[in-house]
Protein chains: 2
Amino acid sequence: MKLTSKGRYAVMALVDLARFDNINPVSLRDISLRQGISLDYLEQIFSKLKKNEIVKSIRGTQGGYVLNKSPNEIKLTNIFHAVDEKVKTVQCKKESKKGCNGKATKCITHNLWDELEVHINTFFENKSLKDLLNNNKETRV
Amino acid sequence: MKLTSKGRYAVMALVDLARFDNINPVSLRDISLRQGISLDYLEQIFSKLKKNEIVKSIRGTQGGYVLNKSPNEIKLTNIFHAVDEKVKTVQCKKESKKGCNGKATKCITHNLWDELEVHINTFFENKSLKDLLNNNKETRV
DNA sequence: TATAAACTTGACCATTTTAGTCGGGTATGT
DNA sequence: ACATACCCGACTAAAATGGTCAAGTTTATA
């Protein structure tokens, strides 16, 4: 079980954006430099964040991205969903003759994964960008 | 973020084993047939479960595997650990000049992943094989 | 209005992980 | 003896991951 970099990068970039987004848009180039994330990769990530209306873009010189909602409205679950980072609990093959759906012994562990999914998603639903901002201010190095 | 099949299979196989393990050992062949998991793959998994003293093996005809502990002593965290299914929260590169360790803006998200890891591990530490057995007997939703 | 900064889009790719398979063993009950 | 079952290491196809690259379009500003 693992968390991928894409999700981590998305969160890092948005925290960065939230901190510097006062009036002016923040360019991906700046975020790239500050966070050490490849610019090209950031572009992919922000394309998805934009589609999911988490950020807005301003094109042209002096352009960049701004948050589309206030930090406390942006839950981590929204971010992960946007970049296709989802909690996959390895579903049983739907049409398989054996294992989950075909047999008497079907899917001993189904309930378990469902429970876990809820557990994790609850965690992410209760965390917003704002929480991370605060957290980061306090533990600033 | 995802859970791999290996962890799921390990849990499924152990639940199966626990249900049929009264006096006689249970062969992987039987588990393979009942659960629809490849025999060869099961062997890999059980090799690890044995190394971690979760099961014992009996060789020869009529051989098979038996639990090495009672079901309520076997926590899911033990199982996952045994088959190398660990919660990886994508550590920041230790020696990177940028990102986590080199810069002032270091690792905005570190605390988050630590928190999540604890959260998930707690879940797995509080679940034992016995819980799954009961759950399955009652066919509860 | 020329230019450069910045977003936009889509294709491409190397590496790693996953989920197995395969082929040979060795031990042991009957 | 022999079938059943565990044991073990090497191999591999396919998918996911974490990017890169190329070729745009838009727009502020000098």
Side-chain angles (χ1 to χ4, degrees), chain A residues 1-10 12-13 17 20-21 24-33 35-51 54-66 68 80 83-93 96 98-99, chain B residues 1-10 12-13 17 20-21 24-33 35-51 55-66 68 80 83-86 88-93 96 98-99:
Chain A
M1 181 167 135
K2 67 177 178 180
L3 290 159
T4 63
S5 283
K6 192 182 286 181
R8 191 166 72 87
Y9 286 168
M12 286 170 72
L17 179 57
F20 289 88
D21 168 25
N24 302 319
V26 179
S27 73
L28 293 190
R29 195 179 135 277
D30 287 352
I31 296 176
S32 166
L33 290 171
Q35 301 301 328
I37 306 168
S38 134
L39 176 59
D40 284 315
Y41 202 29
L42 271 181
E43 284 178 345
Q44 279 185 42
I45 291 169
F46 271 76
S47 160
K48 293 181 177 183
L49 293 174
K50 190 190 169 188
K51 270 184 199 133
I54 291 168
V55 297
K56 277 184 296 191
S57 67
I58 291 121
R59 302 184 71 159
T61 320
Q62 306 299 330
Y65 287 92
V66 293
N68 200 19
F80 287 135
V83 298
D84 303 317
E85 179 94 294
K86 49 201 159 205
V87 178
K88 285 188 290 187
T89 52
V90 188
Q91 299 304 334
C92 329
K93 298 156 203 157
S96 171
K98 295 175 180 181
Chain B
M1 183 167 136
K2 66 177 179 185
L3 290 157
T4 63
S5 284
K6 191 182 286 182
R8 192 166 73 87
Y9 286 168
M12 286 171 71
L17 179 57
F20 288 88
D21 168 25
N24 302 318
V26 179
S27 74
L28 293 190
R29 195 179 134 278
D30 287 352
I31 295 177
S32 167
L33 290 172
Q35 301 301 328
I37 305 168
S38 139
L39 176 58
D40 284 314
Y41 203 29
L42 271 181
E43 285 181 343
Q44 280 186 40
I45 291 169
F46 271 76
S47 161
K48 293 182 176 182
L49 293 176
K50 191 190 169 188
K51 270 185 200 133
V55 296
K56 275 185 299 193
S57 67
I58 291 119
R59 302 184 69 157
T61 319
Q62 306 302 329
Y65 286 93
V66 293
N68 199 19
F80 287 135
V83 298
D84 304 316
E85 178 94 296
K86 50 201 160 208
K88 286 188 290 185
T89 53
V90 188
Q91 300 304 334
C92 329
K93 297 157 203 157
S96 171
K98 294 177 178 181

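Order of the sequence lines fixes the chain letters, A, B, ..., with proteins taken first and strands second; residue numbering starts at 1 for each chain. Model, not experiment: these values are computed from the prediction.
- Taking B:K56 as the reference, nothing meets the side chain to side chain donor-acceptor pair (under 3.5 Å) condition, with sequence neighbours excluded.
- OP1 or OP2 of C:dT8 sits under 4.0 Å from a side-chain N or O of A:K50.
- The CD-P distance, from A:Q35 to D:dG19, rounds to 14 Å in whole Å.
- B:V26 comes within 4.0 angstrom of the backbone, heavy atoms only, and of no base.
- Taking atom NZ of residue A:K48 and atom P of nucleotide D:dT17, one finds them 10 Å apart after rounding to whole Å.
- For the pair B:K6 and C:dT18, the criterion of a side-chain N or O lying under 4.0 Å from OP1 or OP2 is not met.
- Among the protein residues, A:S27 comes within range of the sugar-phosphate backbone only, with heavy atoms under 4.0 Å from sugar or phosphate atoms but none that close to a base.
- Dashed line: the shortest gap from a side-chain N or O of B:S57 to OP1 or OP2 of D:dC7 is under 4.0 Å.
- Residues satisfying the side-chain contact (heavy atoms from CB on, under 4.5 Å) test with A:R29, not counting sequence neighbours, are A:S27, A:L33.
- Distance NZ (A:K51) to C1' (C:dG10): 10 Å, rounded to an integer number of Å.
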(message) For a quick check, with a 4.0 angstrom heavy-atom cut-off, what is the B/S/- contact string for nucleotides 20-30 of chain D, read 5' to 3'?
(response) BB--BBBBBS-

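- Atom CG of B:L42 is separated from atom P of D:dC8 by 16 Å (rounded to the nearest Å).
- For the helix from C:dT1-D:dA30 to C:dT30-D:dA1, the rotation axes defined at the first and last 5 base pairs enclose an angle of 0°, given to the nearest 10°.
- Contact between the side-chain N/O atoms of B:Y65 and the OP1/OP2 oxygens of D:dC7 is found at a separation under 4.0 Å.
- Side-chain contact between A:F46 and A:I31 is present, with at least one heavy-atom pair separated by less than 4.5 Å.
- The distance between atom CD1 of A:I45 and atom C1' of C:dC7, rounded to the nearest whole Å, is 15 Å.
- Take B:K48 and apply the salt bridge (Lys or Arg N to Asp or Glu O under 4.0 Å) test, not counting sequence neighbours, and it matches B:D84.
- Residues satisfying the side-chain contact (heavy atoms from CB on, under 4.5 Å) test with B:Q62, not counting sequence neighbours, are none.
- The side-chain contact (heavy atoms from CB on, under 4.5 Å) check on A:S38 picks up A:D40, A:Y41, with sequence neighbours excluded.
- Checked against side-chain contact (heavy atoms from CB on, under 4.5 Å), A:S47 has the following partners two or more places apart in sequence or in another chain: A:K51.
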